[in-house]
Amino acid sequence: ESASPLYSLSTEARYSPPWQDLSIIGIAGSSGSGKSSVAMEIVKSLNLPWVVILVMDSFYKTLTSEQHQKAHANEYDFDCPESIDFDILVDTLRDLKKGKKANIPVYSFAEHQRQPNTTTLYSPRVIILEGILALHDPRIVEMLDVKIFVEADMDVCLGRRILRDVRERGRDIEGIIKQWFEFVKPSYTRYVEPQRPISDIIIPRGIENTTAIDMVVKHIQRKLQEKSQNHTEALRKLGLVAAEV
Ligand code: CTP
């Protein structure tokens, strides 16, 4: 008994347009481990159109005025999962996966809050999701094609964080060190490090590790190629692409 054409179309050779084939790569790791440099290096090496870095900092929750005061005194915990609006992040990634555009919040580290403006992101081909807790939420982990964990010595991380926070985030050294020992370091042990075993690839020494980054890029390229082959195969089954001879 043969199935109706409609039946076989929906079960065997469902056509999914390329923009629904969005790949998401998650990069987690300690603050100052070099996640953002690794993400940028991957973008450069992939050398493809429509590769976008999505920084999880854009999804910090809005603070009450009391929390705001604490934040300015370096007494607010920005390193626990509760400080991030995972629900909005999950909805955003799901929308992008459906090919919809999304409005990404713009975050100010100096003011500890979202800015009134947002950035419009049209569904790209690859998203690199970068953040200390990029592999924390199972709803996100389920959507990831590649899971990366960047590692660096904690003293290197602290050194980098001090320089960056003073230069780029309007902070003072006393405050940075207080926040590090009160929140950042304990959270590393409690939430960040436990993501390590679920990652596909661990990059020791972050951006310095060009061999590991090369391997990551090749792995991503292979995954993208597999996806595009599946896509062509689906089209071929529908008779939309001429078979190779
Ligand atoms: N954070 C902060 N103040 C805020 C919001 C976040 O100090 N208002 C800090 C958190 O304490 C958290 C860090 O920002 O530890 C997250 O950013 P981080 O991972 O350090 O920066 P990236 O550039 O994303 O990563 P990397 O340093 O690894 O390149």
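Remember, it's 1-based here, ligands and their atoms both numbered in the order they're listed.
- Close to ligand 1: Q179, with a non-hydrogen atom less than 4.0 angstrom away.
- In this structure, F183 has its ring center no closer than 6.0 Å to that of F78.
- For atom 16 (C) of ligand 1, the closest heavy atom belonging to the protein is D57 OD1, 3.9 Å.
- Using a 30° and 60° split on the angle between ring planes, H112 and H72 fall in the perpendicular class, above 60°.
- Contacts of R164 classified as salt bridge (charged side-chain N to carboxylate O under 4.0 Å, His left out), with partners at least two apart in sequence or in another chain: none.
- Heavy-atom neighbours of K185 NZ from other residues, nucleotides or ligands within 6.0 Å: at or below the threshold of 12.
- Summary of contacts: the protein heavy atom closest to atom 13 (C) of ligand 1 is R161 NH1, 3.5 Å.
- Every atom of ligand 1 is numbered from 1 in the order shown, and the set under 4.0 Å from a heavy atom of I132 is 19 (O).
- For K227, the NZ atom sits in a packed shell: over 12 heavy atoms of surrounding residues, nucleotides or ligands are nearer than 6.0 Å.
- Heavy-atom separations between A39 and ligand 1 are all 4.0 Å or longer.
- Residue, atom and distance of the protein heavy atom nearest to atom 19 (O) of ligand 1 are K35 NZ, 2.8 Å.
- Heavy atoms of R171 come nearer than 4.0 angstrom to ligand 1 in at least one pair.
- Between F86 and H136, the distance from one ring center to the other falls under 6.0 angstrom.
- Close approach of ligand 1 to Y60 is summarised as follows: ligand atoms under 4.0 Å from at least one heavy atom of the residue are 5 (C), 6 (C), 10 (C), 12 (C).
- Counting only heavy atoms of the protein, atom 22 (P) of ligand 1 lies nearest to E130 OE2, 3.5 Å.
- With hydrogens left out, the protein atom closest to atom 10 (C) of ligand 1 is D79 OD1, 3.3 Å, a heavy atom.
- Considering only non-hydrogen protein atoms, atom 14 (O) of ligand 1 sits nearest to R169 NH1, 3.2 Å.
- In Q69, the CD atom is not crowded: 12 or fewer heavy atoms of neighbouring residues, nucleotides or ligands sit closer than 6.0 Å.
- Nearest protein heavy-atom neighbour of atom 20 (O) of ligand 1: S31 OG, 2.6 Å.
- Using the six-membered ring where Trp is involved, Y188 and F149 have ring planes that are tilted, between 30° and 60° apart.
- Enclosure of atom CZ in R190 is not indicated, since only 12 or fewer non-hydrogen atoms of other residues, nucleotides or ligands lie within 6.0 angstrom.
- Distance check: D91 CG to F59 CZ gives 10.0 Å after rounding to the nearest 0.5 Å.
- The residue among F109, Y107, W180, Y188 with a heavy atom at the shortest distance from atom 6 (C) of ligand 1 is F109.
- S36 OG, 2.7 Å is the protein heavy atom nearest to atom 29 (O) of ligand 1.
- Listed here is the closest heavy atom pair of G206 and V38: C-CG2, 4.0 Å.
- Atom numbering of ligand 1 starts at 1 in the shown order; those under 4.0 Å from a heavy atom of S30 are 28 (O).
- Considering backbone and side-chain atoms together, G34 places an N or O closer than 3.5 Å to an N or O of ligand 1.
- Considering backbone and side-chain N/O of R164, one or more are found under 3.5 Å from N/O of ligand 1.
- By the neighbour-count criterion of 12 heavy atoms within 6.0 Å, atom NZ of K218 is sparsely surrounded, having that number or fewer from other residues, nucleotides or ligands.
- At a 4.0 Å cut-off, not a single heavy atom of F183 sits close enough to ligand 1 to count as contact.
- Considering backbone and side-chain atoms together, G32 places an N or O closer than 3.5 Å to an N or O of ligand 1.
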